[in-house]
There are 2 protein chains.
Amino acid sequence: MSDARRRPPSSTDVAALAGVSQKTVSRVLNGEPYVSEEVRERVLAAARELGYRRNTAARALHLGRFHRIGVASIGSSLYGPSSLLVALERQAREIGYAFAVAYAGEGAGVMSAVESLLAQGVDAIVVSDPIDGSQELRIDADVPVLSFRPIPGPRVVVTGVSGVEAGRQATEHLLGLGHASVWHVAGPHRWPAARDRARGWREALAAAGAPEPPAQEGDWSPASGYAAGRVLAADPRVTAVFAANDDMAIGVLRALAEAGRAVPEEVSVVGMDDIPAAAYLSPPLTTIRQDFEAIARHGLALLAAEIERSPGEPALGDLPAHLVVRRSTAPPAKP
Amino acid sequence: MSDARRRPPSSTDVAALAGVSQKTVSRVLNGEPYVSEEVRERVLAAARELGYRRNTAARALHLGRFHRIGVASIGSSLYGPSSLLVALERQAREIGYAFAVAYAGEGAGVMSAVESLLAQGVDAIVVSDPIDGSQELRIDADVPVLSFRPIPGPRVVVTGVSGVEAGRQATEHLLGLGHASVWHVAGPHRWPAARDRARGWREALAAAGAPEPPAQEGDWSPASGYAAGRVLAADPRVTAVFAANDDMAIGVLRALAEAGRAVPEEVSVVGMDDIPAAAYLSPPLTTIRQDFEAIARHGLALLAAEIERSPGEPALGDLPAHLVVRRSTAPPAKP
DNA sequence: GTGAAAGCGCTAACAC
DNA sequence: GTGTTAGCGCTTTCAC
């Protein structure tokens, strides 16, 4: 209504309107004690009337805290990372933190995203997947960092995700079905998540005394899965494949279909992520599902504890992953 | 190295170390003129030595600007929204803005996300898809808002996205192939994007004088596409389907496969989004691809102009969408 | 119960 | 070219 709408109302304006001191407004807004009910009402009414909103910059300046968590995420619309992002935001808001995101572009690497977060002011940083272009990632800032992999740095807290466990589960499922060995289409080696899944696969193979075929390396994309799939389809010994994500599994499925190798009759395929489409592929894909909500909840709890410098519960072991069996896996054909 | 590392270094600390006034430090850091080269060097060296970083809270307090853009996004890992998010972040950083995200959960709706952004302090808000639980969305805040749909509010800038155009292109492609009509699996009616695509479909049908079959409404998920697909598969008149996104198209494909209706021989299917997996489905999916980079670039340019209150270029028409023809579409079978 | 005064780290006048 | 001063809006002592 007023035409002098250039500067948003301050707590001083609210105080003036309510006929109290500015400090009293502050007390009311922060729910501090020692304010009479009547004054409280008046202040609240004045604030509402003015459309008052706390100035977070002033607050942050004084407190030295931003109440903001920054996430350095992989700049992609991959299902895993974006699901994790959603879960992290929900949890952050839940525990009273705003949420900033910086994507690590292909070239730039994670460090540039971290720099950008630090520059804008955050109380803590989550490194969603600590890959970096070339050199070893290391975060020297004085803010707590949550990583899902051990990385060097003064205030890094780590929580386990289920990569290794997931790789193991997928492989054991296939081995349990009677396959002599399991082939692997891995994610890019630069990604810790990819290395974890491959490790789980390798460990399960070793534990079962199965031979370890060479892994194909993809880049998470269906196209790369397709390329790997063509190689595997041409090899008659291949009867079971574990792809490190569902997108690559889709490519594998396609290559197998084109080569006339029936799934699951001739070749079984397991993916990972349980993307919404997984249940509707031809055939519906057996896959591994991670609990991103649980990961986010636990990770941010750890981080919040570190921000407050409270004791901080010890890191848990790996967070759960579940095998979802559908129709892309079956026992091998009897020769 | 010092053990008194509780308060991060301020520009005063830098000034003391460099032996200049605090204001000079400010000048150097902001690249203002009238600083001798020698002093500039000294200040920069001191800043580096101390690991100095500008306190954005103090800066924002003084400037009354946060240099931060907030995005209220749909809390989901849907390919479209998350691709847009990535593009928006890249552009925001490009033009010097930090990036905050708040997801609108299923229940809460967009307004709660907007509130959360306003509370943390942003210079502008992007409403990625202005759906709201029940009531009409309306943003009364005094910050500029970028929306891809006209919504009421004092400082809303709008840019077109290609929903209508995309729906039209998909439908025309199918009609051009010789199909008598085109069935539609729409997104949730609450979503403007879904309504746009349906409108494009409807308009193209009308323009060609083709009958308009009832649309099936899905929720973007493969599961809902599958449900719609079962209905369509049972109707022998259906020879061409346009699904409002690729995920639902996947469900349609699955339903068709289970019903023994060959794609594209008996039924043609077009999706929308061009998810990475689209080219590797069985059959590879004809779809519509949006240029999210262009949308983000143009939208944020508009928004930045409004933040600066500069004239602001007029909104363009719809941004481009491209038909990507693959193997899921073909002329109808000759009866 | 409430108010006055100081100061967080920065930038914008305005001197020198 | 460089320094001084004031003040952004809030919270924190400390009076009253």
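Proteins get letters first, then strands, A, B, ... in listed order; numbering begins at 1 in each.
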- [ ] Please state how far atom CD in A/Gln22 lies from atom P in D/dC8, giving the value in whole angstrom units.
- [x] 12 Å
Task: Phosphate OP1/OP2 of D/dG3: any B/Thr24 side-chain N/O under 4.0 Å - done: yes
Task: C/dT11 phosphate, OP1 or OP2, under 4.0 Å from B/Asn30 side-chain N/O - done: yes
Open item on the list: When you measure from the side-chain N and O atoms of A/Ser21 to the phosphate of C/dG3, is any distance below 4.0 Å, counting only OP1 and OP2?
Closed with: yes
Open item on the list: The side chain of A/Leu61 is closest to which nucleotide in this list: D/dC8, C/dC8, D/dG3?
Closed with: C/dC8
- [ ] Check the angle between the aromatic planes of A/Phe292 and A/Tyr79 and answer parallel, tilted or perpendicular using the 30° and 60° thresholds.
- [x] perpendicular
- [ ] Nearest whole angstrom, please: distance from the C1' of D/dT2 to the CD of B/Glu38.
- [x] 13 Å
- [ ] Provide the closest heavy-atom pair for A/Arg42 versus A/Val20 in the form atom of the first, atom of the second, distance.
- [x] NH2-CG1, 3.5 Å
Open item on the list: At less than 4.0 Å, is any side-chain N or O atom of A/Ser11 found next to OP1 or OP2 of D/dG9? Yes or no.
Closed with: no
TODO: Using atom CZ of B/Arg42 as one end and atom P of D/dT2 as the other, report the distance to the nearest whole Å.
DONE: 8 Å
TODO: Could you tell me whether the side chain of B/His62 has a donor or acceptor atom within less than 3.5 Å of a complementary atom in the base of D/dG7?
DONE: yes
Task: Presence of A/Arg59 side-chain N/O under 4.0 Å of D/dT11 phosphate oxygens OP1/OP2 - done: yes
Task: Exercise: identify the closest heavy-atom pair between B/Phe99 and B/Leu85 - done: CZ-O, 3.9 Å
Task: Sidechain N-carboxylate O distance under 4.0 Å for A/Arg90, A/Glu293 - done: yes
Task: Pairwise 5' ranking along DNA chain C for B/Lys23 and B/Ala57, keeping only the more 5' one - done: B/Ala57
Open item on the list: Using OP1 and OP2 only, check whether a side-chain N or O of B/Ser36 sits under 4.0 Å from D/dT2.
Closed with: yes
Task: Under 4.0 angstrom between A/Tyr34 side-chain N/O and C/dG3 OP1 or OP2 - done: no
- [ ] Pick base, sugar-phosphate or nothing for B/Arg27, based on heavy-atom distances below 4.0 Å to the nucleic acid.
- [x] base
- [ ] Could you state the atom-to-atom distance from CG of A/Leu29 to C1' of D/dC10 in whole Å?
- [x] 11 Å
Task: Between D/dG9 (P) and A/Leu63 (CG): distance, integer Å - done: 17 Å
Task: Gap between atoms CG and C1', on B/Asn55 and D/dC8 respectively (whole Å) - done: 13 Å
Task: Listed partners of B/Tyr103 passing ring pair (Phe, Tyr, Trp, His ring centres under 6.0 Å), at least two apart - done: none
Task: Rounded distance (Å) that lies between atom P of C/dC8 and atom CZ of B/Arg53 - done: 21 Å
- [ ] Look at the side chain of A/Ala58 and decide which nucleotide, out of C/dC10, C/dT11, D/dG9, has an atom nearest to it.
- [x] D/dG9
